[in-house]
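Chain A is the first sequence line, chain B the second, and so forth, proteins listed ahead of strands; every chain is numbered from 1.
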Amino acid sequence: MKKYLEILKDAAITKNPTFVQLLGMCPTLAVTTSLLNGLSMGVAVTVVLICSGTIISLLRRLIPDSVRIASYIVIISAFVTAVQLVIRAYLPAVDAALGIFIPLIVVNCIVLGRAEAFASKHTPGEAAVDGLGSGLGFTVALALVGFVREFLGSGTILGGTPLELAIPFAKPMLFFVLPAGAFVTLGFVIAAVNALRRASEKRRFEKEKKL
Amino acid sequence: MITKLLLILFTAIFIENYIFSKFYGVCPFLGVSKDPATAVGMGLAVTGVMTVSGAATWLLYRFVLVPFGLTYLDTLAFILVIAALVQALELFLKKMIPSLYRALGIYLPLITTNCAVLGAALTGISDFEGTLEHFASAVVYSFGSALGFLFAIVLFAGVRKRLESALPPKAFQGIPLALISAGLVAIAFSGFSGMRF
Amino acid sequence: MEHIFYAVLWFLVLGGLFGSGLAFLAKKFAVKTDEREERVKALMPGANCGGCGFAGCSSFAEALLRGEATPDGCGSMDTEARDEICDLLGLPRMTVEKKVAHVMCSGGCRAKEKYLYEGIRDCRIAASLAGGNKLCHNGCTGLGNCERACEYHALHVIDGVAQVEKDKCHSCGACVKACPKGLIVMIPEKAVYAVQCSSHEKPKDVMRACEVGCIGCKKCEKVCPNGAVTVTDGVAEIDQTKCTSCGLCAEACPRGCIVKL
Amino acid sequence: MKNPILRTALTLLLICGVCAGLVAAVYHVTLPVTTAREAEAEKALVLSVYPEAASLQAKELEAKGNVEKLTAYLDGEGKLCGFVGIVCGAGFGGDIRLVIAVTPEGKILGAGVQEHSETPGVGSRAVGGDFIASLTGASLPVGENGVDSVSGATISSRAVMAAADELLSLIREEGKA
């Protein structure tokens, strides 16, 4: 059981797909105009990651190397299309918000990256946990960027409480909802995460030095 | 007809630039734009794959998916075509032009997971008509978006060359600084957004 | 209902077509690769750190196959991988003790400053201003060039001087190149005691410049049972091959610049 | 399987076949739900724009150009009561799809926006509630009859008005035929 927790922590935090490996930039920039969009995209990617990871690691010995990428990507896109059809049928709001970016989960670098780097070398159980871990890491990152962009850009949190409550006389800055704002917000968020990571590493090293 | 194609080309490169206004293909864009030489190599490879895949996916859609009512399988079919194309290109380059193959290295298989290639294929068949004219506009659209990608990646490689001599605070070094400067370039591109032809 | 039949049929056709096409191309375009090359490349640490003097792991592997390099050229490879490569290449097994970076200075805040430096946080730029802001000419300015150069975050500037985390060091040598004052050297990983000073100044100047600088009093040299410590040109050095890490030199040193790692 | 080409081809063939089968099955299950939901969403939109439509019979008319769908509503005796058209205008950020209910004489009974991708905060003001509400009651063509565009979102407002006018010209044609 501890092994699984280790994989989960490793995939979600130490090797966080967005902040550490810098993968999956396209959805992170395009879809995070609001917290809800970010979350729904994150959940969709997590579902695909878990299913495709398990299946790919089940078939890992059967797939010859010359068609490895082609077979992985077909399996992934089958799950993505299934998720897309389900979302279009039962969750119209999410379908309207995410639109073209649901099929683009197929080419999301995280999904194929995890499939090739992890799923094709580990057992289905570990691959599923790793999928869950990187999915969670990705969802947290999307939610964070989505929150910042929605709060600064349209002055609301989850579409509800307006900005004025938090900061009096503040007006939402349209810039953060536009594409250019996405780049800048992600840049600042990654810088903040880097600073936190560096500080905690230095503190840990100093604590070790003191022992 | 020609003017319409040229307008599509211009729109795809500047107005709906694939990196700065539609966010397709940002992962390789950030990864490769460190050095202009590989950026050009990557851009050309992506242009080749996108144009050929634009044509192949349109034909597949027109002659297989639409007549048999399988349009919901478009993503699956397109990604299969793109993966096969990239794998074939990889084998071809490895044999015929090893130097370019080594220069591209890891970024060649990355083209399969490049959102721009699949994005162009999927947008190319939106409001689909089976005419030859629509085929031409789909191929020109893919080629234009690829040129937009190449233009953006080479432009940004120059910007990043300048970033190396900058000394930002420790946390901003590398990708955060690149992202913020990409944001500034994206502001310039949003100037195009209002144009309608 | 029949669209399911068509879907499966068409995709069987497409899958088969592309599958055979790719397999055929793979055979036709098969590049005659030395199958050992795949194996050797797989064994590489993959860090592309350049410590071996080649542009990256794959070019180091190619050099190995051409015989232009020997497996001990790469420091950050673990021993089983190196043994397997030696067997593959038919070379005798080589043992390479893993080397780690070591900063030959422990002054930092304890070293007095010549002037107040408010410039760009870069050791190389500070060093160009009259040798840096420390009174001691080759003291560490603590501006972190080595910390930034290290891919593995093994180096941290603490209390104004750079310190190495041994277990994180991949001995790629990036920090050695980054330090403008050449304060960082590679010492064997198993080393227990090491000198943390490289000042060749006269004792009077060292006393004025730094609280923990080596004044070349030779106490360590006299007390060392197996002659591992020698004082050359005003600074003590430990020959790690002879050192049995008894620790007598560290106790004897009045300045405390021989440190237990 | 000694022959590697055969083995590779067979593997990819099997994987593609199975995947396509899986997706086709999911599509088969979700198709009725999706079509039902979309039809219902459209009916709700029509009702929001033209409440009386619920009690009238719809007659599908031939739609041309930017008008994607045109339905005429007749009462019990076949008298024409009004039209509802779905028409697309080229706005600033992309297409604006409008649903407009019009009386045979050309007076707008109600209008609503089905889908738009105007820049939030700029173009979206022209596609927002008040400007669209100002259309209700005005008679076509809106240009001359006192409907002025939203300042700062001229392209979007003009697109909406052009779409409404095009619907009118199509209805006039239908009226004569």
Side chain proximity check, [X] to [Y], heavy atoms < 4.5 angstrom:
{"X": "A/V107", "Y": "B/Y24", "answer": "no"}
{"X": "A/P103", "Y": "B/L122", "answer": "yes"}
{"X": "A/I69", "Y": "B/Q87", "answer": "yes"}

Region of [X] that comes under 4.5 Å of a non-hydrogen atom in chain B:
{"X": "A/E116", "result": "neither"}
{"X": "A/V74", "result": "both"}
{"X": "A/L186", "result": "both"}

How close do [X] and [Y] get, counting heavy atoms only, and between which atoms?
{"X": "A/F183", "Y": "B/I19", "answer": "CZ-O, 3.9 Å"}
{"X": "A/T81", "Y": "B/Y72", "answer": "CG2-O, 3.5 Å"}
{"X": "A/P179", "Y": "B/S21", "answer": "CG-O, 4.1 Å"}
{"X": "A/A180", "Y": "B/G183", "answer": "CB-O, 3.5 Å"}

[options]: which one forms the most heavy-atom pairs within less than 4.5 Å of chain A?
{"options": "B/L80, B/V185, B/L184, B/I175", "answer": "B/I175"}
{"options": "B/A178, B/P176, B/S181", "answer": "B/P176"}
{"options": "B/I79, B/T75, B/I187", "answer": "B/I79"}

Measure distances from [X] to the heavy atoms of chain A and classify the residue's part below 4.5 Å as side chain, backbone, both or neither.
{"X": "B/I82", "answer": "neither"}
{"X": "B/A84", "answer": "neither"}
{"X": "B/D74", "answer": "neither"}

Greater than 12 external heavy atoms within 6.0 Å of B/F143's CZ: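 No - once you tally the heavy atoms of other residues, nucleotides and ligands closer than 6.0 Å, there are 12 at most.
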Measuring from [X]:[atom1] to [Y]:[atom2], what's the distance to the nearest 0.5 Å?
{"X": "A/L22", "Y": "B/L179", "atom1": "CG", "atom2": "CG", "answer": "8.0 Å"}
{"X": "A/I73", "Y": "B/L76", "atom1": "CD1", "atom2": "CG", "answer": "10.5 Å"}
{"X": "A/I190", "Y": "B/I180", "atom1": "CD1", "atom2": "CD1", "answer": "9.5 Å"}
{"X": "B/Y18", "Y": "A/C26", "atom1": "OH", "atom2": "SG", "answer": "11.5 Å"}

Option that, when pairs with chain B are counted at under 4.5 Å, heavy atom only, ranks first among A/A182, A/A192, A/S77: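 Ranked by heavy-atom pairs under 4.5 Å with chain B, first place is A/S77.
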